[in-house]
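Below is one structure, written out as structure tokens; the observations come after it.
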Amino acid sequence: MAATIPAMGKPGRYALTQYVHEIRGSVEAEEQSHGEVLSPERLRDVVDRLRDLDEARQQAEADSRDYLLS
Amino acid sequence: MSLRNWDSEHPADAVDLTRVGAHVGLLERYGGAQPAVLAEILTQAYNLGAQSAVIEYRYIDADYRNEHARFYSTTFRRYPSVAHRLHFFAQPIPAELSSAERAARFADRGYLGYTVVRPIPAAPVGRTMLAPPAHLARYVTSLVTDTVNLLGERLTVRAAPFVAQDAQLAVCAHATLWMIGYYHHLAVGAPRLLPGQISDAVPAGIGRGTPSIGLTRYQMSAAANALGFPALVYGLRPPPPGESLQRLACRYLNSGLPVIVGGAGHAFVLVGYQRHGDGEGERIRFIRHDDEVGPYQLVENFQFDDYAPWHLLLAPLPPKVYLAGEDAEVIGQAYVLQALEDGDDDDCRAIVAGYRGEPRTVSFQATVLRSNKFKLDLERRGVPDTLAGIYRRMPMSRWIWVVEAVDRELRKAEQPCVLAEAILDATDHIRDVRALAWRVPSLVMRWNPDTDMNLRTDLEPVRLLDTVAQAVT
């Protein structure tokens, strides 16, 4: 016989959590850690490179050489 | 082109393209004063194997109607307000076409696509969705599916959108924006944009806006923003440090996103590319839509192109892609290399050696795609169940950059070539570089942006996977 959920407010009310099945993976994370993943040197290289690319884009957008495309 | 005969008593006519003179007849009827682009389209249709065409009369084309309302209804010369639409089929004309009892069916006639013919002798070619040439089809990455209703029957074609400028309301720059807009409309559900809207989106410059004599890069960039596909602007003389035209363009083409190039006063759209040659002699041959020549034009060598030097690249993006491709590649590559160098196994060491060696056998490529598509394609790409399960359950941003370490020889041989990858949030902050996940052969790491925790899961060694990139090399 299927279980029934008693009406709200009546004795024996069940929390929804009893009917919920968590979706879990079959493989759990073995390890959790906090903090920067990239080494300081690599992070510095990334930041420098991103800055160079951003400056190049700014230059492209501010380029006063404005050709007509027709 | 005689506009006196533009109207017809019939809703449509069929043309037997195998009859001598059919090609010339269509050109004489519709070529007008500028037949070159239509001639190229007819040639491509024939090369696709077109045996018949259906001319749809009194076709109310949204684009041409808009052009007519905005411009051609204001001229002394009168132009009809309806267009014709030519549909091409690989099969002969169905016999039922001349039957009064049975309706002709077109769904199984090998639909190749259509071109809208404007009743404008100076600019006859309108919206065109024609399948790519057979020898280029696998290299065209910006294909979308369009649907037409031909005499009550639904037909679909997969093509890269093309239109020729009308040279009054729209010049080449407007035409490229239209092609990008129609692509985004069909690919990601963006609103459909009509020529008048594109013209209105262009901020005023020096000189008249209509008839237009051309757009500057500022105007094109501003219009792309206003139209809903904000564009990154790249100068190509020189390109950004460490970058090249090929790397810049191919990143977006790999993602299926067409890009606009400017050179020699002309603008056109790149819709795909092909790697040609080997080793040091390898070069990229781009495939472009040139609104003055035709669709799917193969550029043998962009450095010696008619429009060389190419000086400008605009990469229009979906609005929720904030991270530029070159930035994503720098960040993703860093995470993958860090994990490989921290790894203590032969697989990781071999990949690093391939990347750092001469000649380099491992390189990185970045592709932007919707995370839903990424998750849907995991099984097709050969991702093992364990890793696929991890990726499927990961919350991801709507758009992600996937930065892959690939074996170059296997990529060239069109084999599974992905050795490792990083997944980046395409809306993430450029001043706090993060990856959502990064994987090397025996390990996957995930970063939880809500808890700022890194989660590590060891894997059975994952071998080569298919790439997410749309390009075939």
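First the proteins, then the strands, lettered A, B, ... as listed; each starts at 1. Since the structure is predicted, the reported quantities are computational estimates derived from the model, not experimental observations. Hydrogens, waters and symmetry mates play no part in the numbers below; they use all other heavy atoms, side chains included.
Contacts between B:A435 and chain A at a heavy-atom distance below 4.5 Å are absent for every atom of the residue. For B:L459, no part lies near chain A; criterion is any non-hydrogen pair under 4.5 Å. Heavy-atom distances place the side chain of B:Q165, and not its backbone, under 4.5 Å from chain A. At a 4.5 Å heavy-atom cutoff, the contact between B:W438 and chain A is made by side-chain atoms alone. Only the side chain of B:H311 comes within less than 4.5 Å of a heavy atom in chain A; its backbone stays farther off.
No donor-acceptor pair closer than 3.5 Å links the side chain of B:Q338 to the backbone N or O of A:R42. Proximity of a side-chain donor or acceptor of A:R49 to a complementary backbone N or O of B:D327 within less than 3.5 Å is not detected.
Under the 4.5 Å side-chain criterion, counting only non-hydrogen atoms from C-beta, B:H266 is not in contact with A:L69. A:R57 places a side-chain heavy atom less than 4.5 Å from the side chain of B:E326. For the pair A:V47/B:V433, no side-chain contact is recorded, criterion being any heavy-atom separation below 4.5 Å from C-beta on.
Note: B:I430 CD1 to A:R51 CZ = 12.5 Å, rounded to the nearest 0.5 Å. Here the CG atom belonging to B:L215 is positioned 9.0 Å from the OG atom belonging to A:S70, to the nearest 0.5 angstrom.
Counting heavy-atom pairs closer than 4.5 Å to chain A, the top residue among B:A170, B:G389, B:G242 is B:G242. Considering only heavy-atom pairs separated by less than 4.5 Å from chain B, the leading option among A:V46, A:L53, A:L38 is A:L38. Among B:V444, B:V171, B:V330, the residue making the largest number of heavy-atom pairs under 4.5 Å with chain A is B:V330. Between chain A and the residues B:D291, B:T176, B:L337, B:L312, the most heavy-atom pairs under 4.5 angstrom are made by B:L337.
Here the shortest heavy-atom pairing between A:A60 and B:G235 reads CB-N, 3.3 Å.
A 6.0 Å sphere centred on CG of B:D345 holds more than 12 heavy atoms belonging to other residues, nucleotides or ligands. With a 6.0 Å radius and a threshold of 12 heavy atoms from other residues, nucleotides or ligands, B:E460 has its CD atom at or below the threshold.
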